[in-house]
Number of protein chains: 2
Amino acid sequence: MKNNRLAVSIHILSLAALNPRDQLTSEFIAGSVQTNSVVIRRLTSELKKAGLLTSQPGIPGIKLTRSPSDISLLDIYKAIQGYRESVFSIHQNPNPDCEVGANIQSTLDATFHKVQETIEEELANQTLQNILDHLFE
Amino acid sequence: MKNNRLAVSIHILSLAALNPRDQLTSEFIAGSVQTNSVVIRRLTSELKKAGLLTSQPGIPGIKLTRSPSDISLLDIYKAIQGYRESVFSIHQNPNPDCEVGANIQSTLDATFHKVQETIEEELANQTLQNILDHLFE
DNA sequence: CACCGATGTAACAATTATAGTTACATTTCG
DNA sequence: CGAAATGTAACTATAATTGTTACATCGGTG
């Protein structure tokens, strides 16, 4: 029950797709997500840096930069994932004097990289528009 | 830099595939992973519950219950994942009075479930034997 | 121009999960 | 019996996310 960053980001962008800009204050969004408005502003800040939405100090609200059908879940995922490049991580100091310890990192790196690629392909195939469609079906 | 449970579990089972049982004490394994032996025993306990290996109090070592080519990474993943059913989680209390808030959970549930399925398919396609092959190529 | 309401961020506390550690009951074997 | 190991409980440490408080800044409005 943690790391809702992707879920909340999709929630935010869904609201942005369906409401007029001036209504989309961080307080309004926080009311829908039911969290603190700073949590929302932190995420919108990252989504903005990734070019998915625009906003301005002093002016209420946020606005999508492009059509929901042009925003993939991968775009959103990458916007908020920062440095982390795989959902699975690898222990940092296996023993180099052990045959397994010496080679496990590069092996797992390759293995986990392949898994990560399939995750990202799947996320790339879904758009914010797909989410919106599902919301009202 | 956290949650190395899958990586360490694969490390443990790789050692188990390559060494005689009586050498595979939790201390020996901990020396290869470079961690505390209790960390190893905690994981082997879960791998044992999942039927991937055997062990006995008083008798040193662990032993695989079947061939490395018969152990998929999905088997390992499920052995240690416990309750968690998706790599992505969903916020728990969206506002039901909001159209988006009311439907976002079931929508994301379906979406994330699909992603999870692709992850598990990918993990199912890789075996411990594949890891061993890569370790020595 | 001063105020109000909003964004953007910094700083810190709270929560949660994993990793690491200490301790110890229990078991097997010499 | 005594040594060595497994299995587990209990606790601390670390790390990431979430929640909160505070505040600088901007822009529209009276």
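First the proteins, then the strands, lettered A, B, ... as listed; each starts at 1.
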I need the [X] [atom1] to [Y] [atom2] distance, nearest 0.5 Å.
X: B:S72; Y: B:E120; atom1: OG; atom2: CD; result: 10.0 Å
X: A:R41; Y: A:E46; atom1: CZ; atom2: CD; result: 14.0 Å
X: A:T35; Y: A:I29; atom1: OG1; atom2: CD1; result: 12.0 Å

Given atom [atom1] of [X] and atom [atom2] of [N], what is their separation to the nearest angstrom?
X: A:L47; N: C:dT7; atom1: CG; atom2: C1'; answer: 15 Å
X: A:D22; N: D:dT29; atom1: CG; atom2: P; answer: 12 Å
X: B:I29; N: D:dG7; atom1: CD1; atom2: P; answer: 11 Å
X: B:I40; N: C:dT18; atom1: CD1; atom2: P; answer: 16 Å
X: A:L43; N: C:dG8; atom1: CG; atom2: C1'; answer: 13 Å
X: A:N36; N: C:dG8; atom1: CG; atom2: P; answer: 15 Å
X: A:R5; N: D:dG19; atom1: CZ; atom2: P; answer: 12 Å
X: A:L53; N: C:dA6; atom1: CG; atom2: C1'; answer: 15 Å

Using a cut-off of under 3.5 Å, enumerate the N/O to N/O pairs linking the protein to nucleotides 25-30 of chain C.
unit_1 : atom_1 : unit_2 : atom_2 : d
C:dT27 : O2     : B:G58  : N      : 3.4

With the 4.5 Å side-chain cut-off for hydrophobic clustering, are B:L18 and B:L53 part of the same group?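 Yes, it is one cluster - the side chains of B:L18 and B:L53 are joined through contacts under 4.5 Å.
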
Options [options], nucleotide nearest the side-chain atoms of [X]:
X: B:R84; options: C:dA17, C:dA23, D:dA16; value: C:dA17
X: A:V39; options: D:dT18, C:dG8, C:dT22; value: D:dT18
X: B:R41; options: D:dG7, C:dA6, D:dA22; value: D:dG7
X: A:S26; options: D:dG7, C:dA19, C:dT7; value: C:dT7

It should be established whether [X] places a side-chain nitrogen or oxygen under 4.0 Å from OP1 or OP2 of nucleotide [N].
X: B:T25; N: D:dT6; result: no
X: A:T35; N: D:dG19; result: yes
X: A:S45; N: C:dT7; result: no
X: A:Y83; N: D:dA16; result: yes

Does atom CD of A:E99 have more than 12 heavy-atom neighbours from other groups under 6.0 Å away?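 It does not: A:E99 CD has 12 such atoms or fewer within range.
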
Students often get this wrong, so: under 4.0 angstrom with heavy atoms, is A:K48 touching a base, only sugar-phosphate, or nothing? sugar-phosphate

Shortest non-hydrogen contact between B:L128 and B:L73, atoms and distance: N-CD2, 4.4 Å

Looking only at heavy atoms, which two atoms of A:S32 and B:C98 are closest? And how far apart?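 Nearest heavy atoms, A:S32 then B:C98: OG-SG, 3.1 Å.
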
Pull out every protein N or O sitting under 3.5 Å from an N or O of nucleotides 10-13 of chain D, one pair per line with the distance.
unit_1 : atom_1 : unit_2 : atom_2 : d
D:dA10 : N6     : B:R42  : NH1    : 3.4

Working for side chain to side chain contact (heavy atoms under 4.5 Å, CB included), residues B:I131 and B:T127: CA-CA 7 Å; B:I131 297 288; B:T127 69; over 6 Å; no

Please work out whether the ring planes of B:F88 and A:Y77 are parallel, tilted or perpendicular, with thresholds of 30° and 60°. perpendicular

A:D109 vs A:K114, test: salt bridge (charged side-chain N to carboxylate O under 4.0 Å, His left out). Steps then yes/no. CA-CA 9 Å; A:D109 206 65; A:K114 275 187 67 175; over 6 Å; no

